[in-house]
Amino acid sequence: MRTYLVTGGAGFIGSNFIYYMFRKYGNDIRIINVDALTYAGNLANLDGVKDRKNYTFLRADIRNKDAIEKIFKENNVDIVVHFAAESHVDRSITDPEVFVETNVVGTAVLLNAAKAVWEKDDGTFKEGKRFLHVSTDEVYGSLSDPKDYFYETTPYDPHSPYSASKASADLIVKAYVDTYHFPACITNCSNNYGPYQFPEKLIPLMINNALAGKKLPVYGDGRNVRDWLYVDDHCKGIDMVIEKGRLGEKYNIGGHNERENIQIVKTIISTLREILPEDDPRRNNVSEDLITYVEDRKGHDRRYAIAPDKISSELGWLPDTKFEDGIRLTVKWYLEHKAWMENITSGDYQEYYRRQYSV
Ligand code: NAD
Ligand code: TYD
(Lines give C-alpha, C1' and ligand atoms only; values in the text may rest on other atoms or scores of the structure.)
(Ligands and ions follow the chains in the order given, each with its own letter.)
Protein backbone atom coordinates (compact mmCIF):
# COMPACT_ATOMS: atom_id res chain seq x y z
CA MET A 1 0.00 0.00 0.00
CA ARG A 2 1.34 3.38 -1.01
CA THR A 3 1.92 5.95 1.73
CA TYR A 4 1.34 9.64 0.97
CA LEU A 5 2.75 12.28 3.27
CA VAL A 6 0.62 15.39 2.75
CA THR A 7 1.96 18.59 4.30
CA GLY A 8 -0.52 21.37 5.07
CA GLY A 9 -3.42 18.94 4.87
CA ALA A 10 -5.49 20.96 7.37
CA GLY A 11 -5.54 23.98 5.05
CA PHE A 12 -7.81 24.78 2.14
CA ILE A 13 -6.35 22.82 -0.79
CA GLY A 14 -4.69 20.16 1.35
CA SER A 15 -7.95 19.13 3.00
CA ASN A 16 -9.76 19.07 -0.36
CA PHE A 17 -6.90 16.94 -1.71
CA ILE A 18 -7.20 14.41 1.13
CA TYR A 19 -10.95 14.04 0.43
CA TYR A 20 -10.27 13.76 -3.30
CA MET A 21 -7.71 11.00 -2.79
CA PHE A 22 -9.87 8.94 -0.43
CA ARG A 23 -12.82 9.27 -2.84
CA LYS A 24 -10.61 8.04 -5.65
CA TYR A 25 -8.43 5.38 -3.98
CA GLY A 26 -10.41 4.41 -0.85
CA ASN A 27 -8.49 1.92 1.27
CA ASP A 28 -5.77 1.34 -1.33
CA ILE A 29 -3.66 4.19 0.02
CA ARG A 30 -2.50 5.54 3.38
CA ILE A 31 -2.32 9.28 4.05
CA ILE A 32 -0.28 10.96 6.78
CA ASN A 33 -1.22 14.60 7.18
CA VAL A 34 1.60 16.73 8.65
CA ASP A 35 0.45 20.18 9.65
CA ALA A 36 1.54 22.75 12.25
CA LEU A 37 -2.04 24.08 12.60
CA THR A 38 -1.27 27.74 12.11
CA TYR A 39 -4.17 30.22 11.96
CA ALA A 40 -4.90 28.74 8.48
CA GLY A 41 -4.97 25.10 9.56
CA ASN A 42 -8.23 23.70 10.86
CA LEU A 43 -8.68 20.07 11.87
CA ALA A 44 -12.47 20.46 11.58
CA ASN A 45 -11.87 20.46 7.81
CA LEU A 46 -11.01 16.78 8.13
CA ASP A 47 -13.94 15.58 10.23
CA GLY A 48 -15.06 13.40 7.33
CA VAL A 49 -11.85 11.33 7.28
CA LYS A 50 -10.48 11.52 10.81
CA ASP A 51 -11.77 8.06 11.82
CA ARG A 52 -10.40 6.22 8.80
CA LYS A 53 -7.81 3.57 9.65
CA ASN A 54 -5.67 4.63 6.67
CA TYR A 55 -5.50 8.30 7.76
CA THR A 56 -3.13 9.74 10.38
CA PHE A 57 -2.67 13.32 11.54
CA LEU A 58 0.70 14.41 12.93
CA ARG A 59 1.12 17.90 14.26
CA ALA A 60 4.56 19.13 13.23
CA ASP A 61 6.18 22.23 11.86
CA ILE A 62 8.03 21.72 8.56
CA ARG A 63 10.74 24.08 9.81
CA ASN A 64 11.53 21.63 12.61
CA LYS A 65 14.28 19.44 11.17
CA ASP A 66 14.28 16.86 13.99
CA ALA A 67 10.52 16.38 13.94
CA ILE A 68 10.41 16.04 10.15
CA GLU A 69 13.35 13.64 9.98
CA LYS A 70 11.72 11.48 12.66
CA ILE A 71 8.48 11.29 10.65
CA PHE A 72 10.38 10.16 7.54
CA LYS A 73 12.38 7.58 9.51
CA GLU A 74 9.32 6.10 11.19
CA ASN A 75 7.10 5.90 8.12
CA ASN A 76 7.84 4.36 4.78
CA VAL A 77 6.76 7.40 2.80
CA ASP A 78 6.34 6.87 -0.95
CA ILE A 79 4.86 10.16 -2.10
CA VAL A 80 5.23 13.63 -0.58
CA VAL A 81 2.58 16.16 -1.57
CA HIS A 82 3.83 19.46 -0.24
CA PHE A 83 1.11 22.06 0.34
CA ALA A 84 2.23 23.54 3.69
CA ALA A 85 2.94 27.23 3.29
CA GLU A 86 2.10 30.70 4.39
CA SER A 87 -0.27 31.48 1.54
CA HIS A 88 -1.77 34.97 1.82
CA VAL A 89 -0.25 37.85 -0.16
CA ASP A 90 -1.58 40.59 2.16
CA ARG A 91 -0.06 38.94 5.23
CA SER A 92 3.25 38.59 3.34
CA ILE A 93 3.28 42.34 2.82
CA THR A 94 2.93 43.09 6.53
CA ASP A 95 4.93 40.13 7.87
CA PRO A 96 7.32 38.73 5.23
CA GLU A 97 9.80 36.84 7.42
CA VAL A 98 7.63 33.87 8.29
CA PHE A 99 7.04 33.39 4.55
CA VAL A 100 10.75 32.86 4.01
CA GLU A 101 10.99 30.58 7.03
CA THR A 102 8.07 28.31 6.19
CA ASN A 103 7.99 28.43 2.40
CA VAL A 104 11.72 28.38 1.71
CA VAL A 105 13.41 26.84 4.77
CA GLY A 106 10.50 24.45 5.44
CA THR A 107 10.67 23.17 1.86
CA ALA A 108 14.42 22.60 2.15
CA VAL A 109 13.94 20.67 5.41
CA LEU A 110 11.39 18.38 3.73
CA LEU A 111 13.55 17.80 0.66
CA ASN A 112 16.52 16.92 2.80
CA ALA A 113 14.56 14.55 5.03
CA ALA A 114 13.07 12.78 2.00
CA LYS A 115 16.47 12.54 0.30
CA ALA A 116 18.02 10.99 3.43
CA VAL A 117 15.60 8.04 3.42
CA TRP A 118 14.99 7.67 -0.32
CA GLU A 119 18.57 7.76 -1.60
CA LYS A 120 20.39 4.46 -2.13
CA ASP A 121 24.12 3.88 -1.49
CA ASP A 122 24.91 4.36 -5.18
CA GLY A 123 23.30 7.83 -5.17
CA THR A 124 20.20 6.77 -7.12
CA PHE A 125 16.73 6.85 -5.58
CA LYS A 126 14.46 3.98 -4.56
CA GLU A 127 11.73 3.02 -7.07
CA GLY A 128 8.34 4.71 -6.86
CA LYS A 129 9.33 7.66 -4.69
CA ARG A 130 7.94 11.09 -5.69
CA PHE A 131 8.01 14.59 -4.22
CA LEU A 132 5.27 16.83 -5.57
CA HIS A 133 5.86 20.48 -4.75
CA VAL A 134 2.65 22.50 -4.96
CA SER A 135 3.31 26.00 -6.22
CA THR A 136 1.54 28.96 -7.72
CA ASP A 137 1.32 30.91 -10.98
CA GLU A 138 2.28 34.03 -8.98
CA VAL A 139 5.97 33.09 -9.38
CA TYR A 140 5.74 34.31 -12.99
CA GLY A 141 4.82 37.87 -12.01
CA SER A 142 2.16 39.90 -13.77
CA LEU A 143 0.94 39.98 -17.39
CA SER A 144 0.30 43.26 -19.17
CA ASP A 145 -0.42 42.18 -22.77
CA PRO A 146 -3.96 40.69 -22.78
CA LYS A 147 -2.86 38.05 -25.28
CA ASP A 148 -0.05 36.76 -23.03
CA TYR A 149 -0.14 33.66 -20.84
CA PHE A 150 2.14 32.00 -18.33
CA TYR A 151 3.94 28.97 -19.78
CA GLU A 152 6.31 26.65 -17.93
CA THR A 153 9.10 28.46 -19.79
CA THR A 154 8.02 31.95 -18.66
CA PRO A 155 10.87 33.46 -16.59
CA TYR A 156 10.22 33.83 -12.88
CA ASP A 157 9.46 37.43 -11.89
CA PRO A 158 7.75 37.38 -8.48
CA HIS A 159 6.74 40.66 -6.83
CA SER A 160 5.19 40.00 -3.42
CA PRO A 161 7.08 38.43 -0.53
CA TYR A 162 4.64 35.50 -0.86
CA SER A 163 5.38 34.88 -4.54
CA ALA A 164 9.10 35.49 -4.03
CA SER A 165 9.17 32.86 -1.28
CA LYS A 166 7.29 30.36 -3.46
CA ALA A 167 9.63 31.08 -6.39
CA SER A 168 12.61 30.47 -4.10
CA ALA A 169 11.11 27.18 -2.94
CA ASP A 170 10.54 26.12 -6.57
CA LEU A 171 14.20 26.83 -7.31
CA ILE A 172 15.37 24.79 -4.32
CA VAL A 173 13.28 21.87 -5.58
CA LYS A 174 14.78 22.34 -9.07
CA ALA A 175 18.26 22.40 -7.53
CA TYR A 176 17.59 18.98 -5.93
CA VAL A 177 16.46 17.65 -9.29
CA ASP A 178 19.43 19.09 -11.17
CA THR A 179 22.05 18.18 -8.56
CA TYR A 180 20.92 14.82 -7.21
CA HIS A 181 18.32 13.68 -9.81
CA PHE A 182 15.93 13.85 -6.87
CA PRO A 183 12.50 12.52 -7.98
CA ALA A 184 10.43 15.71 -7.79
CA CYS A 185 7.84 17.53 -9.89
CA ILE A 186 6.44 21.03 -9.47
CA THR A 187 2.92 22.22 -10.23
CA ASN A 188 2.15 25.92 -10.68
CA CYS A 189 -1.56 26.49 -10.33
CA SER A 190 -3.79 29.54 -10.69
CA ASN A 191 -6.17 30.88 -7.99
CA ASN A 192 -8.31 28.16 -6.43
CA TYR A 193 -11.79 28.47 -4.99
CA GLY A 194 -14.15 26.03 -3.25
CA PRO A 195 -15.06 24.66 0.21
CA TYR A 196 -12.82 25.16 3.28
CA GLN A 197 -11.03 28.28 2.01
CA PHE A 198 -10.03 30.66 4.79
CA PRO A 199 -12.04 33.91 4.60
CA GLU A 200 -9.01 36.13 4.18
CA LYS A 201 -9.06 35.25 0.46
CA LEU A 202 -11.30 37.09 -1.98
CA ILE A 203 -14.17 34.65 -2.55
CA PRO A 204 -14.96 33.41 0.99
CA LEU A 205 -14.31 36.90 2.40
CA MET A 206 -16.89 38.41 0.05
CA ILE A 207 -19.45 35.66 0.74
CA ASN A 208 -19.03 36.07 4.49
CA ASN A 209 -19.19 39.86 4.43
CA ALA A 210 -22.19 39.98 2.09
CA LEU A 211 -24.17 37.62 4.34
CA ALA A 212 -23.41 39.86 7.33
CA GLY A 213 -24.28 43.04 5.40
CA LYS A 214 -20.67 44.23 5.76
CA LYS A 215 -18.81 46.29 3.17
CA LEU A 216 -17.17 44.40 0.30
CA PRO A 217 -13.65 45.86 0.12
CA VAL A 218 -12.46 45.84 -3.51
CA TYR A 219 -8.80 46.81 -3.93
CA GLY A 220 -7.90 49.58 -6.40
CA ASP A 221 -10.15 49.79 -9.46
CA GLY A 222 -11.34 46.18 -9.10
CA ARG A 223 -10.09 45.32 -12.57
CA ASN A 224 -7.15 43.07 -11.62
CA VAL A 225 -7.56 39.70 -13.28
CA ARG A 226 -7.19 36.28 -11.68
CA ASP A 227 -7.62 32.89 -13.40
CA TRP A 228 -9.98 30.91 -11.14
CA LEU A 229 -9.98 27.11 -10.87
CA TYR A 230 -12.32 24.92 -8.82
CA VAL A 231 -10.20 23.22 -6.14
CA ASP A 232 -11.10 19.63 -7.16
CA ASP A 233 -9.71 20.30 -10.62
CA HIS A 234 -6.42 21.33 -9.03
CA CYS A 235 -6.44 18.12 -6.93
CA LYS A 236 -7.08 16.08 -10.09
CA GLY A 237 -4.08 17.74 -11.75
CA ILE A 238 -1.79 17.02 -8.80
CA ASP A 239 -2.83 13.36 -8.76
CA MET A 240 -2.19 13.11 -12.53
CA VAL A 241 1.27 14.64 -12.20
CA ILE A 242 2.12 12.18 -9.41
CA GLU A 243 0.91 9.27 -11.53
CA LYS A 244 2.08 10.23 -15.00
CA GLY A 245 4.22 13.37 -14.79
CA ARG A 246 7.80 13.17 -15.99
CA LEU A 247 10.24 13.41 -13.09
CA GLY A 248 11.98 16.74 -12.82
CA GLU A 249 9.31 18.54 -14.85
CA LYS A 250 7.02 21.39 -13.91
CA TYR A 251 3.38 21.63 -14.99
CA ASN A 252 1.10 24.67 -15.05
CA ILE A 253 -2.50 24.04 -13.95
CA GLY A 254 -5.32 26.41 -14.91
CA GLY A 255 -8.62 26.28 -16.74
CA HIS A 256 -8.68 29.48 -18.86
CA ASN A 257 -11.12 31.20 -16.56
CA GLU A 258 -9.94 34.78 -16.25
CA ARG A 259 -12.18 37.23 -14.41
CA GLU A 260 -11.80 40.74 -13.10
CA ASN A 261 -12.20 40.94 -9.32
CA ILE A 262 -15.24 43.18 -9.61
CA GLN A 263 -16.93 40.56 -11.82
CA ILE A 264 -16.26 37.93 -9.16
CA VAL A 265 -17.78 40.12 -6.44
CA LYS A 266 -20.89 40.83 -8.53
CA THR A 267 -21.27 37.12 -9.36
CA ILE A 268 -21.13 36.27 -5.65
CA ILE A 269 -23.85 38.83 -4.93
CA SER A 270 -26.16 37.55 -7.70
CA THR A 271 -25.52 33.90 -6.75
CA LEU A 272 -26.31 34.59 -3.09
CA ARG A 273 -29.54 36.38 -4.04
CA GLU A 274 -30.49 33.46 -6.26
CA ILE A 275 -29.80 30.74 -3.70
CA LEU A 276 -30.91 32.35 -0.43
CA PRO A 277 -34.57 31.58 0.30
CA GLU A 278 -36.98 34.58 0.12
CA ASP A 279 -37.65 34.39 3.86
CA ASP A 280 -33.96 34.28 4.91
CA PRO A 281 -33.29 37.63 6.66
CA ARG A 282 -29.71 37.68 5.34
CA ARG A 283 -31.10 38.06 1.79
CA ASN A 284 -31.93 41.72 2.47
CA ASN A 285 -28.28 42.39 3.31
CA VAL A 286 -26.96 41.20 -0.02
CA SER A 287 -26.69 43.97 -2.60
CA GLU A 288 -24.18 45.71 -4.84
CA ASP A 289 -24.50 48.75 -2.55
CA LEU A 290 -22.06 46.95 -0.24
CA ILE A 291 -19.23 47.20 -2.79
CA THR A 292 -16.59 49.63 -1.52
CA TYR A 293 -13.43 50.51 -3.41
CA VAL A 294 -10.52 50.67 -0.96
CA GLU A 295 -6.83 51.51 -1.16
CA ASP A 296 -4.98 49.23 -3.56
CA ARG A 297 -2.72 46.39 -2.38
CA LYS A 298 0.97 47.38 -2.50
CA GLY A 299 2.65 46.01 -5.64
CA HIS A 300 -0.69 44.52 -6.77
CA ASP A 301 -0.12 42.17 -9.75
CA ARG A 302 -2.47 43.15 -12.57
CA ARG A 303 -3.21 39.91 -14.34
CA TYR A 304 -2.51 36.20 -14.01
CA ALA A 305 -3.43 33.74 -16.77
CA ILE A 306 -2.23 30.15 -17.18
CA ALA A 307 -1.53 28.27 -20.38
CA PRO A 308 -2.30 24.66 -19.39
CA ASP A 309 -1.18 23.23 -22.76
CA LYS A 310 1.55 20.99 -21.31
CA ILE A 311 -0.52 19.20 -18.66
CA SER A 312 -3.43 18.89 -21.13
CA SER A 313 -1.44 17.47 -24.03
CA GLU A 314 1.00 15.30 -22.02
CA LEU A 315 -1.27 14.02 -19.26
CA GLY A 316 -4.78 14.63 -20.62
CA TRP A 317 -5.78 17.00 -17.83
CA LEU A 318 -8.82 19.21 -18.41
CA PRO A 319 -10.96 20.94 -15.78
CA ASP A 320 -14.34 19.31 -15.06
CA THR A 321 -16.09 22.19 -13.30
CA LYS A 322 -17.32 25.26 -15.17
CA PHE A 323 -17.03 28.48 -13.17
CA GLU A 324 -20.82 29.01 -13.15
CA ASP A 325 -21.28 25.59 -11.50
CA GLY A 326 -18.25 25.87 -9.23
CA ILE A 327 -19.24 29.20 -7.78
CA ARG A 328 -22.78 27.94 -7.08
CA LEU A 329 -21.36 24.86 -5.34
CA THR A 330 -19.04 27.09 -3.33
CA VAL A 331 -21.67 29.61 -2.27
CA LYS A 332 -24.01 26.75 -1.32
CA TRP A 333 -21.23 25.10 0.70
CA TYR A 334 -20.62 28.27 2.75
CA LEU A 335 -24.36 28.70 3.33
CA GLU A 336 -24.56 25.12 4.59
CA HIS A 337 -21.48 25.50 6.82
CA LYS A 338 -22.42 28.52 8.88
CA ALA A 339 -20.90 27.06 12.07
CA TRP A 340 -17.58 26.37 10.29
CA MET A 341 -17.41 30.01 9.22
CA GLU A 342 -18.45 31.34 12.65
CA ASN A 343 -15.82 29.22 14.32
CA ILE A 344 -13.06 30.37 11.99
CA THR A 345 -13.97 34.05 12.11
CA SER A 346 -14.10 34.30 15.89
CA GLY A 347 -10.98 35.24 17.84
CA ASP A 348 -7.82 36.13 15.92
CA TYR A 349 -9.61 36.71 12.63
CA GLN A 350 -11.37 39.78 14.04
CA GLU A 351 -8.06 41.35 14.92
CA TYR A 352 -6.59 40.50 11.49
CA TYR A 353 -9.63 42.00 9.78
CA ARG A 354 -9.44 45.25 11.76
CA ARG A 355 -5.74 45.63 10.97
CA GLN A 356 -5.98 44.74 7.28
CA TYR A 357 -9.06 46.82 6.48
CA SER A 358 -8.54 49.62 9.05
CA VAL A 359 -12.03 49.25 10.53
P1 NAD B 1 -3.73 27.51 3.40
O2 NAD B 1 -3.14 28.75 3.95
O3 NAD B 1 -5.21 27.35 3.39
O4 NAD B 1 -3.14 26.23 4.16
C5 NAD B 1 -1.80 26.13 4.53
C6 NAD B 1 -1.66 24.99 5.52
O7 NAD B 1 -0.25 24.85 5.83
C8 NAD B 1 -2.38 25.22 6.84
O9 NAD B 1 -3.06 24.05 7.23
C10 NAD B 1 -1.26 25.54 7.83
O11 NAD B 1 -1.54 25.15 9.16
C12 NAD B 1 -0.10 24.74 7.24
N13 NAD B 1 1.20 25.31 7.60
C14 NAD B 1 1.60 26.62 7.52
N15 NAD B 1 2.85 26.74 7.99
C16 NAD B 1 3.26 25.51 8.35
C17 NAD B 1 4.47 25.01 8.88
N18 NAD B 1 5.51 25.80 9.15
N19 NAD B 1 4.56 23.66 9.13
C20 NAD B 1 3.52 22.84 8.86
N21 NAD B 1 2.34 23.27 8.37
C22 NAD B 1 2.22 24.59 8.12
O23 NAD B 1 -3.13 27.38 1.93
P24 NAD B 1 -3.80 26.82 0.59
O25 NAD B 1 -4.55 27.90 -0.08
O26 NAD B 1 -4.46 25.52 0.89
O27 NAD B 1 -2.49 26.57 -0.28
C28 NAD B 1 -1.80 25.33 -0.20
C29 NAD B 1 -0.60 25.36 -1.13
O30 NAD B 1 -1.02 25.60 -2.46
C31 NAD B 1 0.40 26.49 -0.81
O32 NAD B 1 1.70 25.96 -0.98
C33 NAD B 1 0.09 27.56 -1.83
O34 NAD B 1 1.25 28.32 -2.14
C35 NAD B 1 -0.35 26.71 -3.01
N36 NAD B 1 -1.28 27.36 -3.95
C37 NAD B 1 -2.43 27.96 -3.49
C38 NAD B 1 -3.34 28.51 -4.38
C39 NAD B 1 -4.63 29.13 -3.90
O40 NAD B 1 -5.35 29.72 -4.70
N41 NAD B 1 -4.99 29.01 -2.64
C42 NAD B 1 -3.07 28.48 -5.76
C43 NAD B 1 -1.88 27.87 -6.20
C44 NAD B 1 -1.00 27.30 -5.28
P1 TYD C 1 -6.54 36.75 -3.00
O2 TYD C 1 -7.74 35.88 -2.81
O3 TYD C 1 -5.86 37.32 -1.80
O4 TYD C 1 -5.53 35.90 -3.90
P5 TYD C 1 -4.15 36.38 -4.63
O6 TYD C 1 -3.77 37.71 -4.14
O7 TYD C 1 -3.19 35.32 -4.20
O8 TYD C 1 -4.45 36.34 -6.10
O9 TYD C 1 -6.96 37.98 -3.92
C10 TYD C 1 -7.53 37.77 -5.21
C11 TYD C 1 -7.70 39.13 -5.85
O12 TYD C 1 -8.70 39.86 -5.12
C13 TYD C 1 -6.44 39.99 -5.81
O14 TYD C 1 -6.37 40.74 -7.03
C15 TYD C 1 -6.68 40.95 -4.64
C16 TYD C 1 -8.18 41.10 -4.62
N17 TYD C 1 -8.80 41.33 -3.28
C18 TYD C 1 -9.66 42.41 -3.09
O19 TYD C 1 -9.94 43.21 -4.02
N20 TYD C 1 -10.20 42.59 -1.86
C21 TYD C 1 -9.93 41.76 -0.81
O22 TYD C 1 -10.44 42.00 0.32
C23 TYD C 1 -9.06 40.64 -1.02
C24 TYD C 1 -8.72 39.70 0.08
C25 TYD C 1 -8.52 40.47 -2.29
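Atoms within each ligand, like the ligands themselves, are counted from 1 in listed order.
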Taking only heavy atoms of [X] into account, list the atoms of ligand 2 that are under 4.0 Å away from them.
| X | value |
| --- | --- |
| K201 | 2 (O) |
| H88 | 3 (O) |
| Y357 | 21 (C), 22 (O), 23 (C), 24 (C) |
| E200 | 24 (C) |
| V218 | 19 (O) |
| E138 | 5 (P), 7 (O), 8 (O) |

Chi angles and distances behind the side chain to side chain donor-acceptor pair (under 3.5 Å) call for R328, T271: CA-CA 7 Å; R328 269 186 77 84; T271 310; over 6 Å; no
cation_pi(R2, Y25) dist<6.0 Å, angle<=45: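 No, R2 and Y25 do not form such a contact.
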Contact check, S190 vs ligand 1, heavy-atom distance below 4.0 Å: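 Yes, S190 has heavy atoms under 4.0 Å from ligand 1.
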V134 to ligand 1, any heavy atom closer than 4.0 Å: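 Checking ligand 1 against V134, which is what was asked, there is a heavy-atom contact under 4.0 Å.
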Mode of F99 contact toward ligand 1 - side chain, backbone, both, neither (heavy atoms, under 4.0 Å):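 For F99, there is no contact with ligand 1 at all, from either part.
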Close approach of H300 to ligand 2, heavy atoms, under 4.0 angstrom: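 True for this residue.
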Under 4.0 Å to a heavy atom of K166 - the qualifying atoms of ligand 1, by number: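 In order of numbering, the contacting atoms are 31 (C), 32 (O), 33 (C), 34 (O).
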Atoms in ligand 1 flagged as close to R63, the criterion being non-hydrogen separation under 4.0 Å: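 So the atoms of ligand 1 that pass are 18 (N).
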Side-chain ion pair, K166 and E138, N-O less than 4.0 Å: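 Answer for the salt bridge query: no.
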Residues D221 and R302 bridged, charged N to O under 4.0 Å: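 Result for this pair is yes, salt bridge flagged.
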N191 contact mode with ligand 2 (heavy-atom cut-off under 4.0 Å):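 Under 4.0 Å from ligand 2, N191 contributes side-chain atoms alone.
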Among R297, R91, R226, closest by any non-hydrogen atom to atom 6 (O) of ligand 2: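 Shortest heavy-atom distance from atom 6 (O) of ligand 2: R297.
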Minimum-distance protein heavy atom relative to atom 2 (O) of ligand 2: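 Result: L202 N, 2.9 Å.
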